[in-house]
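Here is the structure we will look at, set down as structure tokens.
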Protein chains: 2
Amino acid sequence: MARRPKTEGTEDRREQIINAALRVFARKGFARATNKDIAREAGITPGLIYYYFADKEALLQAVIEIHSPLHLFEQLEPAQWDAPPPEFLRATLLQALDIIESEQVFSLIRTVLSELLHGAETPLLPGLFLPRVIDVLQRYLRLQQTKGALRAEISAEEAAQVLLSAMMGLVMRRQLLRDASVLRYSHEELVSLVLKTILPGLLPTG
Amino acid sequence: MARRPKTEGTEDRREQIINAALRVFARKGFARATNKDIAREAGITPGLIYYYFADKEALLQAVIEIHSPLHLFEQLEPAQWDAPPPEFLRATLLQALDIIESEQVFSLIRTVLSELLHGAETPLLPGLFLPRVIDVLQRYLRLQQTKGALRAEISAEEAAQVLLSAMMGLVMRRQLLRDASVLRYSHEELVSLVLKTILPGLLPTG
DNA sequence: TCATATTAATTGATCAGTCAGTTAAATTAT
DNA sequence: ATAATTTAACTGACTGATCAATTAATATGA
């Protein structure tokens, strides 16, 4: 086989390799994924990888770049800033949860996480979008405090930190530990769980 | 050099290798840690590892077995079951946090986590002690509900899940993502943060 | 002396990365 | 149109490095 036709609609080789690499990386981790694995998954031969990428590291960078979920979090800016806390928080947390636990995003997290664990100074992918979510939550909480819809005594920053950490803890227990006691919930139920426990402390007493 | 004297107080070779392996595994991950690394760290030659362990996998198992923090969590059974919620929860969560973030325990978690991420069916180490903590929290919450010290409407199980998930999320953000906005807190402050946000929702309205 | 502990040298497997050579598509010349 | 030429895409065998694991030789303490 040689040069393939420039058929439209077909993904190009580069993308094809990147997508195959994403799957293999997610399955076996970057260190354990061999070029042979990736080539087999992509339906090509190992040598071709080096036609499109300088080395394995560059392939990883390309995978991260292409599949970065950052743009997904750009959409997080919620429409209803003036919705009451229960509605707003339910919608926002659910949206964030759907994004993070999507196949696309979590495959990537799996890959980066092993690197992250051991001294790699890969741009801390999750470190990029967590602040984004924190920021949205925090701004909303502050806004609602001025409106009197949330208790003034609590710190908006701290409440946002705890809300997000709780969600993140749940995701980790599901995706990393496969904790059955948490896997049994749907996304909606998870958000309810968190809000049922945390919201009452945030709302004005009444 | 050959056989070393049986001096008391000195750790024996087996332990010495296990401890060196723990450090190297934590630093580089199991897959990337070479026997040469481990041997250098232990001050021996690579071949000797195979005098004490069948293979690298067996060494990992030994590391896990020896450094398993399970016994630490056995001590978690708290003394003051009748302490009021703020005190009890503060003390218990702080204790759990101290254990998990100890050098010894988290090195091990780092090591197992990379394996866990990619299809290894290593006995899910963290899956062993999380239920333990959940259980303690849940039993306490229920007890205090019967005493009227906690709201009856909330679910003890769900509250325990959220409390633990919040703590776990914070630990992950600190240890995996090195999130500065969370690293700046001391253990005491982290527990305060969580309780300040979550407790008010659990206590009877007053 | 003799079982035990340790080393140094070695083996075979595997892997990332290279490269000379092949093929089909694209381009140009006729 | 179509043959000739060029070029981009691709292959697969190879290389050197590295690694886990083995083993023969050897040193040491009992």
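The sequence lines fix the lettering, A, B, ..., with proteins before strands; numbering per chain opens at 1. Please read these numbers as outputs of a predicted model, since none were measured by experiment.
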Checklist outcome for this item: Readout for nucleotides 18-23 of chain D: B = base within 4.0 Å of protein heavy atom, S = sugar-phosphate only, - = neither; 5' to 3' it is -SSBB-
Using whole Å, what does the distance between atom [atom2] of nucleotide [N] and atom [atom1] of [X] come to?
X	N	atom1	atom2	answer
A/R40	D/dG12	CZ	P	14 Å
B/I17	C/dA5	CD1	C1'	11 Å
B/R14	C/dT4	CZ	P	17 Å
A/I44	D/dA9	CD1	C1'	11 Å
A/F53	C/dG17	CZ	P	13 Å
A/L59	C/dA16	CG	C1'	12 Å

Item to check | Minimal non-hydrogen separation, B/R142 against B/A156, with atom names | outcome: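 Result for this residue pair: CG-CB, 3.8 Å.
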Checklist entry - Which atom pair, heavy atoms only, marks the closest approach of B/A33 to B/K56? => result O-NZ, 2.7 Å
Checklist entry - Taking C-beta and beyond as the side chain, do A/M168 and A/L130 meet within less than 4.5 Å on heavy atoms? => result yes
Checklist entry - Under a 4.5 Å cut-off applied to non-hydrogen side-chain atoms, are A/Q144 and A/L202 in contact? => result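 No, every pair of side-chain atoms sits at 4.5 Å or beyond.
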Checklist entry - So what does A/Y52 hit on the nucleic acid, given a heavy-atom distance under 4.0 Å: a base, only sugar-phosphate, or nothing? => result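 Sugar-phosphate: the residue A/Y52, judged by heavy atoms under 4.0 Å, touches backbone atoms but no base.
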Next on the checklist: If the threshold is 4.0 Å, N to carboxylate O, is there a salt bridge linking B/R184 and B/E189?
Outcome noted: no
Next on the checklist: Taking only side-chain N and O atoms of A/R13, does any of them lie within less than 4.0 angstrom of OP1 or OP2 on D/dC10?
Outcome noted: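 The answer is yes; a side-chain N or O of A/R13 sits under 4.0 Å from OP1 or OP2.
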Next on the checklist: Counting only side-chain nitrogens and oxygens, does B/Y51 get under 4.0 Å of the OP1 or OP2 atom of C/dA5?
Outcome noted: yes
Next on the checklist: If you apply the rule side chain to side chain contact (heavy atoms under 4.5 Å, CB included), what do you find for A/R110 with A/Q175, and how did you get there?
Outcome noted: CA-CA 9 Å; A/R110 275 216 170 70; A/Q175 301 293 330; 3.9 Å; yes
